[in-house]
Structures are given as structure tokens and as C-alpha cells.
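Hydrogens, waters and symmetry mates are skipped; everything else that's a heavy atom, side chains included, is used.
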Amino acid sequence: MNTKQLILEKTLKLMIEKQNSLVSIREISAATGIAIGGIYHYFSNKDEIYDEITERYFINYIKFNTDNLLQIKGNAKDKIHDVLVEMFKQKQRGIELETIENVDYRIIIDVLTANGFAYENSEEIYRSVMKELMEIFAEIIREGQKNRQLRQDIPTEDIAESLILMYLGILYQWDIYWIDDMISAFEYSFELEWEKIRFKE
């Protein structure tokens with residue numbers, strides 16, 4: 001691990017321990033074993049450290065590895081199911097950390113949420129992610145409608161939006177109510193959703 005990464009992770013660990021972002025440069029220096037001057041060699045001020053932590057562990061968390069989503073194959077039901085499962089897996093996994101072990105990523109989200117909302121362009125990034133997901137689902141749905149696997153009397157965008165709302169509802173339960181496993185909660189919801197959108201003769 002390089003020095004910059006060490007500073008970021010040790011600062012994040014302090015933020016988790018204190019349950020807020022009020023961490024001093026002196027505390028960061030003590031946690032990393034790096035002199036205060038050494039920290040300023042990598043970051044011009046504390047805000048710059050916070051911004052990079054927020055970008056790396058909160059803003060990047062909002063995004064998806066869409067390459068993984070686009071590689072999923074199968075019929076409409078399998079593709080929709082497996083894309084959603086992969087989305088849940090990515091969220092439960094969080095962003096990889098080298099020095100912070102056995103921490104539930106929801107704790108990191110809680111600590112960084114205020115910073116995340118204040119982050120420049122965060123709303124635009126969120127909208128961009130939702131648009132990308134809409135496009136991925138819309139493509140699967142159009143193909144499913146063409147192959148008579150999905151209902152053709154419901155607009156493509158409405159089905160895609162319904163799937164994303166189901167995803168967001170389960171993500172909310174995981175983050176706020178600390179349900180154990182999003183995928184288990186999803187399986188039941190998916191079967192109900194599938195009955196509503198599947199093609200019926």
C-alpha cells in the first residue's frame with residue numbers, strides 16, 4: 001500500500017471510530033506514524049483528505065461495475081434476476097479496503113453520507129448512474145418483449161423503473177433497517193415482480 005492510500009484508510013478508520021469526520025491532522029499523524037509535514041506532502045489540507053475519502057469510498061460506491069452487468073446472459077427472467085443480484089452483491093461488498101477489516105460497509109456509508117451529499121456534482125453522478133441502469137434494463141426488457149417473454153402492454157420504461165424502485169427499496173432496507181442479506185429479501189420480491197411483468201398468453 002502506498003503512503004497516500006495509507007493516510008486515506010487510517011483517516012477513514014478514525015472517522016469510523018469517532019462516528020464523525022472531526023479528525024485532526026495530529027490524530028491522522030499519530031494513526032499513520034507519518035509526520036504532519038509528511039501528510040502535507042500528499043495533501044494540502046484536511047479538506048482535501050476528506051474529499052478524496054468521500055470520492056473513493058462514497059461516490060465510487062454509488063457507481064456500478066457495469067461491465068459485469070452487461071456480460072450477464074440468458075432469457076429475460078434470468079437476465080433481470082442476475083443483473084439485480086450482481087447489483088446487490090456489489091453494494092454488499094462495498095469498496096475494497098486493505099487495512100480496515102471486518103467492518104460492515106453500511107457504517108462507512110453512514111459516516112460519509114453528509115460529506116457525500118456536500119460533494120460537488122454528487123446529484124449529477126447519482127442521476128447518471130440511474131440513467132445508466134435504466135438503459136441496461138430497457139435493453140433487456142425490449143429484447144424480452146420482442147421474444148414474448150415480457151408483457152408488451154406495459155411501456156419498457158415503466159417496467160425498468162419498477163425494477164429499479166424494487167432494487168432501491170431493498171437497498172434502503174439493508175442500509176436503514178440492517179436486514180442481513182439483500183439477495184434473500186430480493187428473491188421473494190422478484191417472484192412477485194416477475195408475475196406482474198411476464199408475458200401472458
Side-chain angles (χ1 to χ4, degrees), residues 1-71 83-133 136 164 167-168 170-183:
M1 172 183 290
N2 63 41
T3 305
K4 191 172 184 181
Q5 176 79 8
L6 177 68
I7 293 167
L8 293 173
E9 288 202 12
K10 292 293 186 183
T11 304
L12 178 58
K13 188 174 182 185
L14 286 169
M15 292 165 77
I16 292 166
E17 288 167 357
K18 295 179 78 171
Q19 283 294 293
N20 61 51
S21 58
L22 302 175
V23 177
S24 70
I25 291 290
R26 192 172 299 283
E27 287 174 308
I28 297 168
S29 173
T32 57
I34 299 167
I36 290 172
I39 293 168
Y40 283 124
H41 173 75
Y42 293 95
F43 299 96
S44 56
N45 55 49
K46 194 168 58 174
D47 287 343
E48 199 174 292
I49 299 174
Y50 288 161
D51 284 348
E52 190 146 346
I53 286 171
T54 302
E55 182 174 342
R56 191 175 293 218
Y57 303 111
F58 187 88
I59 299 299
N60 284 344
Y61 179 79
I62 294 171
K63 301 172 186 177
F64 288 94
N65 180 339
T66 51
D67 288 344
N68 287 9
L69 302 181
L70 293 169
Q71 287 172 14
V83 164
L84 284 160
V85 166
E86 175 60 23
M87 287 165 63
F88 289 124
K89 283 181 179 175
Q90 288 185 27
K91 292 301 147 196
Q92 287 186 176
R93 217 171 20 243
I95 305 295
E96 187 177 344
L97 297 156
E98 288 187 42
T99 63
I100 305 174
E101 296 178 4
N102 303 320
V103 62
D104 192 305
Y105 209 84
R106 288 172 283 196
I107 294 169
I108 294 171
I109 297 166
D110 289 346
V111 167
L112 295 179
T113 293
N115 297 35
F117 285 131
Y119 186 84
E120 186 181 5
N121 300 326
S122 61
E123 195 174 320
E124 186 182 318
I125 291 163
Y126 183 77
R127 277 199 303 267
S128 170
V129 168
M130 289 298 110
K131 183 176 180 236
E132 194 170 34
L133 289 178
I136 289 169
I164 290 171
Y167 158 75
L168 290 172
I170 293 169
L171 183 65
Y172 180 81
Q173 290 176 53
W174 181 72
D175 188 26
I176 303 301
Y177 297 109
W178 282 65
I179 61 171
D180 291 333
D181 178 42
M182 285 191 279
I183 295 170

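Checked against salt bridge (charged side-chain N to carboxylate O under 4.0 Å, His left out), D104 has the following partners two or more places apart in sequence or in another chain: R106. R93 meets the salt bridge (charged side-chain N to carboxylate O under 4.0 Å, His left out) test with E86; sequence neighbours excluded. Taking the side-chain hydrogen bond (donor to acceptor under 3.5 Å, both in side chains) definition, one finds that D181 meets it with Q92, S184, sequence neighbours left out. Residues satisfying the side-chain hydrogen bond (donor to acceptor under 3.5 Å, both in side chains) criterion with K18, sequence neighbours excluded, are E27. With sequence neighbours excluded, the residues forming a side-chain hydrogen bond (donor to acceptor under 3.5 Å, both in side chains) with E123 are R127, listed by chain and number.
Residue Y61 qualifies as enclosed at atom OH: its count of foreign heavy atoms under 6.0 Å is above 12. Counting heavy atoms of neighbouring residues, nucleotides and ligands inside a 6.0 Å radius, atom CD of E120 does not exceed 12 of them. Counting heavy atoms of neighbouring residues, nucleotides and ligands inside a 6.0 Å radius, atom CG of N2 exceeds 12 of them.
Evaluation of the side chain to side chain donor-acceptor pair (under 3.5 Å) test over residues 5-14, restricted to residues two or more places apart or in two chains, returns Q5-E9, Q5-R56, Q5-Y57, E9-T99.
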Check against side-chain contact (heavy atoms from CB on, under 4.5 Å), I34 and H41: CA-CA 10 Å; I34 299 167; H41 173 75; over 6 Å; no

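Note that the CD1 atom of I136 and the CG atom of L70 stand 4.5 Å from one another [nearest 0.5 Å].
Only one option out of L8, T3, L6, I49 pairs with Y42 in a side-chain contact (heavy atoms from CB on, under 4.5 Å); it is T3.
Using a 30° and 60° split on the angle between ring planes, Y177 and Y172 fall in the perpendicular class, above 60°.
In this structure, S122 contributes its side chain and G116 its backbone to a donor-acceptor pair below 3.5 Å.
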